[in-house]
2 protein chains.
Amino acid sequence: MTQARAETRIQRKNKELILEAALEVFSTYGFRGSTLDQIAAQAGLSKPNLLYYFPSKEAVHKELLDGLLDTWLDPLRAIDPEGDPTQEILGYMQRKLEMSRAYPRESRLFANEILQGAPRILDALKGELKDLVDAKSQVIKSWADRGLIADVHPQHLLFSIWSLTQHYADFEVQVEAVLGDEGPFDHAQEFLDHLYTRLLKR
Amino acid sequence: MTQARAETRIQRKNKELILEAALEVFSTYGFRGSTLDQIAAQAGLSKPNLLYYFPSKEAVHKELLDGLLDTWLDPLRAIDPEGDPTQEILGYMQRKLEMSRAYPRESRLFANEILQGAPRILDALKGELKDLVDAKSQVIKSWADRGLIADVHPQHLLFSIWSLTQHYADFEVQVEAVLGDEGPFDHAQEFLDHLYTRLLKR
DNA sequence: CGTAGCTTTGACCAAGCGGTAAAAAATGGA
DNA sequence: TCCATTTTTTACCGCTTGGTCAAAGCTACG
């Protein structure tokens, strides 16, 4: 039997340092465009030292993605079938927008992975994600059927929330180039509130 | 005086071949994640042969992006200040959606570039793109001021059209994973028509 | 047919890549 | 303080990268 030793302070600190650095680099350059030297430098470690904590570049990336998907889906899980339909959907959109504001790098890491064909996460998309979306789509459909909101295609409604909110993180450079660098999130919230209020009104 | 020689048939054919291959590769892996060997193989040429037609990897990428931005903005340019406001905006959205359907690789090439901080295209975003957006925003604002459409933030309206339409190209893998691979564009068109009709109605 | 100019190839290079091995250094508990 | 364990570093490996070069092969035109 191999006895799993407890994690050292140093281990915990350095693993955290590495994941933070890797998030910074992977979210900017994608998996293939990032190098271990870059990540190690960003973390203030040497490359062999980094590889002492993770067995490979792939392993670092995987650990980031695995941790991410769960957090990313939390706002969707929180939609309450018993709540007020319009408020539930608006609330979901607002939570997603807040995540784009607070965690733009995580959003871009995810976007990079999907853009490149989701090679390391496709199974989770077809499984975990699809199951959750199917369940919540049912909820939305039943709201529409009961006349509590307008009749909208549930999946495409969810797509719209994803794309509209994540756009402000993923395309941040473009948004700022066009707006001339005023913080766009306040107006975004206002615009999206207005949009979904109108879309869902019976 | 350097006399610019006319372009050979072979030159035209091979440059086209290379750009087509480069679009395929760059749009999937981003600039840093793509290799000249990959592109050359995709084009059916050897790497030195490719470098006979383009001076560097950078040059191939730049030529793709330069050609793209223009085409990409055409639908926005086509918005007619004299037309029916709702129809003009709906028409713009439909043209953009059609571009996502017909040219998903171009959309992903662009998305990759922006995601990575737009290092090779930022000037065009702050210049050409911003100028055009400013002009069209004025048009939209005047429509709203005259009460021809609902009062919406023009720039965020344009952002919404970009993100909602490009989502179906950029996140194609995810959309198909969730929907189970039925062609999503028909329902998308229906959903977006509905959304913008409601949003703009006075 | 000959040849000048265009095109393709194969051999090569220096730098960068992900990753390894082993020894040196630091740490911490008895 | 000692020493077993953990952590870091140095030196290195084989492979891939973007790019060069000179020679060979091909085309078109007089």
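No hydrogens, no waters, no symmetry mates; every other heavy atom, side chains included, goes into these values. Convention: sequence-line order gives letters A, B, ...; per-chain numbering from 1. This is a predicted model, so every value here is computed, not measured.
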Novice: Would you say the ring centers of H156(A) and Y168(B) fall short of 6.0 Å from each other?
Specialist: yes

Novice: Tell me yes or no: between the side chains of Y196(B) and S160(B), is some donor less than 3.5 Å from an acceptor?
Specialist: yes

Novice: Distance check needed: dC17(C) C1' versus I39(A) CD1, whole Å only.
Specialist: 13 Å

Novice: Could you state the OH-C1' distance from Y29(A) to dG18(C), rounded to the nearest angstrom?
Specialist: 19 Å

Novice: Once salt bridge (Lys or Arg N to Asp or Glu O under 4.0 Å) is applied, do any residues pair with E176(B), and if so which ones, sequence neighbours excluded?
Specialist: none

Novice: State the dot-bracket string of DNA chain C. Criteria: Watson-Crick or G-U wobble, both atom distances under 3.5 angstrom; notation: ( ) intrastrand, [ ] crossing earlier pairs, | interstrand, . unpaired.
Specialist: ||||||||||||||||||||||||||||||

Novice: Give me each pair satisfying salt bridge (Lys or Arg N to Asp or Glu O under 4.0 Å) with a member in residues 188-197 of chain B, each pair once, sequence neighbours excluded.
Specialist: none

Novice: Applying salt bridge (Lys or Arg N to Asp or Glu O under 4.0 Å), name anything that partners E16(A), two or more places apart in sequence or on another chain.
Specialist: none

Novice: Can you confirm if the aromatic rings of F31(A) and H61(A) lie within a centre distance of less than 6.0 Å?
Specialist: yes

Novice: How long is the gap from NE2 on H153(B) to CG on L195(A), to the nearest 0.5 Å?
Specialist: 14.0 Å

Novice: Residues in salt bridge (Lys or Arg N to Asp or Glu O under 4.0 Å) with D37(B), at least two apart?
Specialist: K47(B)

Novice: Starting at the 5' end of nucleotides 7-25 of chain D, put B wherever the base has a protein heavy atom under 4.0 Å, S where only the sugar-phosphate does, and a dash everywhere else.
Specialist: BBBBB-----SBBBB----

